[in-house]
Amino acid sequence: MLLEAVDAGDYRAHYALGTWYLYGRHVKASNKKAVSLFRQAAENDVAEAAFDLAVCYEKGEGVRKDLSKAAAFYLRALRCGDESAAEELHRMFYWGFGVEKNRMIANEFAAFEKPGPEKPGRR
């Protein structure tokens, strides 16, 4: 059913299948396939896909490590509603990872952070 949803253009299904490839669940693990599926979903405003694609760029999983692209996809994730991306953007701007170090901007992202239980599905 998941493959049918992917074929039908359901971008949440692209994200789900990407996680299967990332973790090797039900399919042979392939970071490159995971990144491709995450990218398609992120470009269609699936917040979780944008977040996980940012993590891939930050860690160099399935793509060449690129902290500026990681920051861009964390920002996209935040714009799509994933508030946990604000913490990552805060860290990147605070320390200057992939972006110009800017504590004022970092503090703006810190304002998005909300205390509470860890959101499920985060790596």
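Since the structure is predicted, the reported quantities are computational estimates derived from the model, not experimental observations.
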As an exercise, state the distance from CG of Leu53 to OH of Tyr15, rounded to the nearest 0.5 Å. 11.0 Å

Within-4.5 Å side-chain heavy-atom neighbours: Tyr21 and Leu37: yes

Find out whether His14 and Val46 are in side-chain contact, i.e. whether some heavy atom of one side chain is under 4.5 Å from a heavy atom of the other. no

Under 4.5 Å between any side-chain heavy atoms of Phe38 and Thr19, yes or no? yes

Could you label the plane-to-plane angle of the His90 and Tyr94 rings as parallel, tilted or perpendicular, counting under 30° as parallel and over 60° as perpendicular? tilted

Is there a side-chain contact between Leu67 and Glu58 in this structure, where contact means two heavy atoms from C-beta onward sitting under 4.5 Å apart? yes

Which heavy atom of Ala41 sits nearest a heavy atom of Ala49, and at what distance? CB-CB, 3.5 Å

Side chains of Glu61 and Leu22: closer than 4.5 Å at any heavy-atom pair? yes

Within this structure, what is the CG-CG distance for the pair Leu75 and Asp82, rounded to the nearest 0.5 Å? 12.0 Å

Examine Val27 and Val6 and state if one hydrophobic cluster contains both, with Ile, Leu, Val, Met, Phe, Trp and Tyr joined whenever side-chain heavy atoms are less than 4.5 Å apart. yes

According to a hydrophobic-cluster definition based on side-chain heavy atoms being under 4.5 Å apart (Ile, Leu, Val, Met, Phe, Trp, Tyr only), do Trp95 and Met92 belong together? yes

Closest non-hydrogen atom pair, Ala5 against Ala13: CB-CB, 3.5 Å

Could you check if a side-chain atom of Arg39 sits within less than 4.5 angstrom of a side-chain atom of Val63, using non-hydrogen atoms only? yes

Side-chain ion pair, Asp45 and Arg79, N-O less than 4.0 Å: no

Give the minimum heavy-atom separation between Ala34 and Gly18, together with the two atoms involved. CB-O, 3.3 Å

If only atom types and distance count, is the side chain of Asn107 paired as donor or acceptor with the main-chain N or O of Arg103 below 3.5 Å? yes

Can you tell me how far OG of Ser68 sits from CZ of Phe73, rounded to the nearest 0.5 angstrom? 10.5 Å

Lys/Arg N to Asp/Glu carboxylate O, Arg12 vs Glu48, below 4.0 Å: yes

Rounded to the nearest 0.5 Å, what separates atom CZ in Arg25 from atom CG in Leu17? 13.5 Å

Is the Tyr74-Phe51 ring centre distance short of 6.0 angstrom? yes

Taking every non-hydrogen atom, the tightest pair across Tyr57 and Lys69: CE2-CD, 3.5 Å

Less than 4.5 Å apart, side chain to side chain, heavy atoms only: is that true for Glu88 and Ser84? no

In Å, rounded to the nearest 0.5 Å, how long is the span from OG of Ser36 to NZ of Lys32? 11.5 Å

Rounded to the nearest 0.5 Å, what separates atom CZ in Phe109 from atom CG in Leu78? 6.5 Å

